[in-house]
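Comments concern the structure below.
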Amino acid sequence: MNRNYLLIISLLSVGFSACNSTDPVPSQPYDNGVLVINAGNFLDNNGSISLVQRTSTTASYDIFQKENSRTLAGSLSGYAEVNEKGIILVDNSTAGKDGIEIVDARTFKSLTSIPSTEVENPRAVAKATDTKAYVTCWDVTGDFSNFYKNPGYVAVLDLTTNKLTKKIPVQNGAESILVIGNEAFVGNTGSGMTKITVIDIATDAVKQSIEIGRNPELVGLDVNNKLWLYAGGEMIRLNTQTKTVETRFKITSPNASKSPSSFTLSADKKTIYFTHSFYDAADGYLQKGETYSFPIDAAVVVADKPFINRLFSGGLGVDPQTGIIYAGLVPSFKQAGYVLRYQPNGTLIDSVKAEIAPSTFFFKK
């Protein structure tokens with residue numbers, strides 16, 4: 001047989017073998033790391049998103065502007081990812097300029113923008129299914145005498161078309177949302193409402209409301225699949241199967257003027273972290289306080305021994321991969337903030353300079 005013919009056959013075999021092998025998906029700039037959602041100064045409309053790699057002490061700043069040559073033009077209130085699409089909630093200080101940006105989560109290139117003619121005051125976003133996300137909204141607000149003048153709603157975002165398909169009416173001041181199984185639980189803030197709403201994900205319809213307490217805020221699901229909330233000055237544990245409250249208790253403190261906020265669960269879902277703060281009139285109404293923790297089996301919580309002797313006005317998050325605590329430090333709303341990282345035992349690891357008002361975190365794979 002001709003040697004040239006054998007060489008050609010050999011090369012073709014190698015080529016076909018290469019085509020049939022499973023090649024790894026090429027890495028993109030934003031496949032890994034932690035996204036820092038910087039709320040920005042609300043009146044300056046300068047919210048942004050930074051990327052911090054888990055082993056780095058520097059951040060990549062304003063990655064949306066970097067990839068799209070334009071800013072997000074608003075304060076940022078939320079971010080989530082569904083099936084490699086990133087959903088950014090934009091809350092502009094000027095009425096009629098809110099919106100939702102949908103990006104490729106791996107490249108951060110814009111896919112589409114949903115304007116305020118379709119969504120008003122978006123607050124939080126959660127994955128409902130692989131092709132659907134829920135966005136809580138306040139709707140159009142009023143003046144300070146009647147700020148939450150309209151009932152809130154949950155906007156249904158179809159991610160096969162990148163369009164809103166429905167608005168599910170819920171309580172005033174719709175805010176926090178958590179998807180558990182085939183249901184979504186919706187809390188509220190500031191409106192004085194006392195119930196959370198449960199939505200059936202299959203039908204995009206309200207199933208029921210549950211009496212919890214004033215302005216219920218969803219904290220998260222613990223290791224026993226119980227939902228924790230903070231409402232009416234109390235910590236509350238809810239059985240999501242029976243829809244009944246199992247326990248409630250107040251967080252007490254030697255300083256009665258302190259109030260808890262910024263709740264988050266540890267990576268193993270057995271501990272709740274929170275900040276405890278007050279405004280010191282003697283010091284020009286500066287916000288002061290510390291960060292505390294308690295186990296989910298606690299019957300009484302007294303905030304007298306700080307877990308971290310520092311207050312984080314930018315919020316808390318926990319990396320599910322490492323258990324490391326991320327805390328946002330906001331010196332002011334006119335200068336860059338910082339992300340401080342702590343071991344699960346409260347030991348400081350390092351700090352990373354972020355942008356204005358680092359408020360929440362999204363932990364990528």
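Everything numeric in this text was worked out from a predicted model, so none of it was measured. Side chains included, hydrogens not; waters and symmetry mates left out as well; all remaining heavy atoms used.
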Legend entry - salt bridge (Lys or Arg N to Asp or Glu O under 4.0 Å) pairs, two or more places apart, involving residues 55-76: Glu67-Lys109, Arg70-Glu101
Legend entry - Members besides Val302 in its Ile/Leu/Val/Met/Phe/Trp/Tyr cluster (side-chain heavy atoms under 4.5 Å): Val300
Legend entry - For Ser332, side chain to side chain contact (heavy atoms under 4.5 Å, CB included) partners two or more places apart: Lys334, Gln335
Inset, instruction - Give me the other members of the hydrophobic cluster that Phe333 sits in, counting Ile, Leu, Val, Met, Phe, Trp and Tyr linked by side-chain heavy atoms under 4.5 Å, directly or via other members. - result: Val330
Under 3.5 Å, which donor-acceptor pairs do the side chains of residues 73-80 form with other protein atoms, sequence neighbours left out?
| residue | atom | partner | partner atom | Å |
| --- | --- | --- | --- | --- |
| Ser75 | OG | Ala39 | O | 2.9 |
| Ser77 | OG | Pro122 | O | 2.7 |
| Tyr79 | OH | Glu81 | OE2 | 2.6 |

Legend entry - Fellow cluster residues of Tyr61, listed by chain then number, with links counted only when side-chain atoms sit under 4.5 Å apart: none
Inset, instruction - Output yes when a side-chain donor or acceptor of Asp222 lies under 3.5 Å from a complementary backbone atom of Ile272, and no otherwise. - result: no
Inset, instruction - Report the residues that fulfil side chain to side chain donor-acceptor pair (under 3.5 Å) with Lys167, sequence neighbours left out, ordered by chain and then residue number. - result: none
Inset, instruction - Measure the CD1-CD1 distance between Ile88 and Ile100 for me, rounded to the nearest 0.5 Å. - result: 10.5 Å
Inset, instruction - May I have all residue pairs that pass ring-ring contact (aromatic ring centres under 6.0 Å, His included) and include part of residues 182-224, sequence neighbours excluded? - result: none
Legend entry - Qualifying salt bridge (Lys or Arg N to Asp or Glu O under 4.0 Å) pairs with a residue from residues 294-322, counting only residues at least two apart or across chains: Arg54-Asp319
Inset, instruction - Tell me who clusters with Tyr273, hydrophobic residues only, linked when side chains sit under 4.5 Å apart either directly or through other members. - result: Phe307, Ile308, Phe312, Leu316, Val318, Ile325, Leu329, Tyr338, Leu340, Tyr342, Leu348
Legend entry - Partners passing ring pair (Phe, Tyr, Trp, His ring centres under 6.0 Å) against Tyr292 (at least two apart in sequence or in another chain): Phe274, His276
Inset, instruction - Could I get the full list of salt bridge (charged side-chain N to carboxylate O under 4.0 Å, His left out) partners for Lys195, not counting sequence neighbours? - result: none
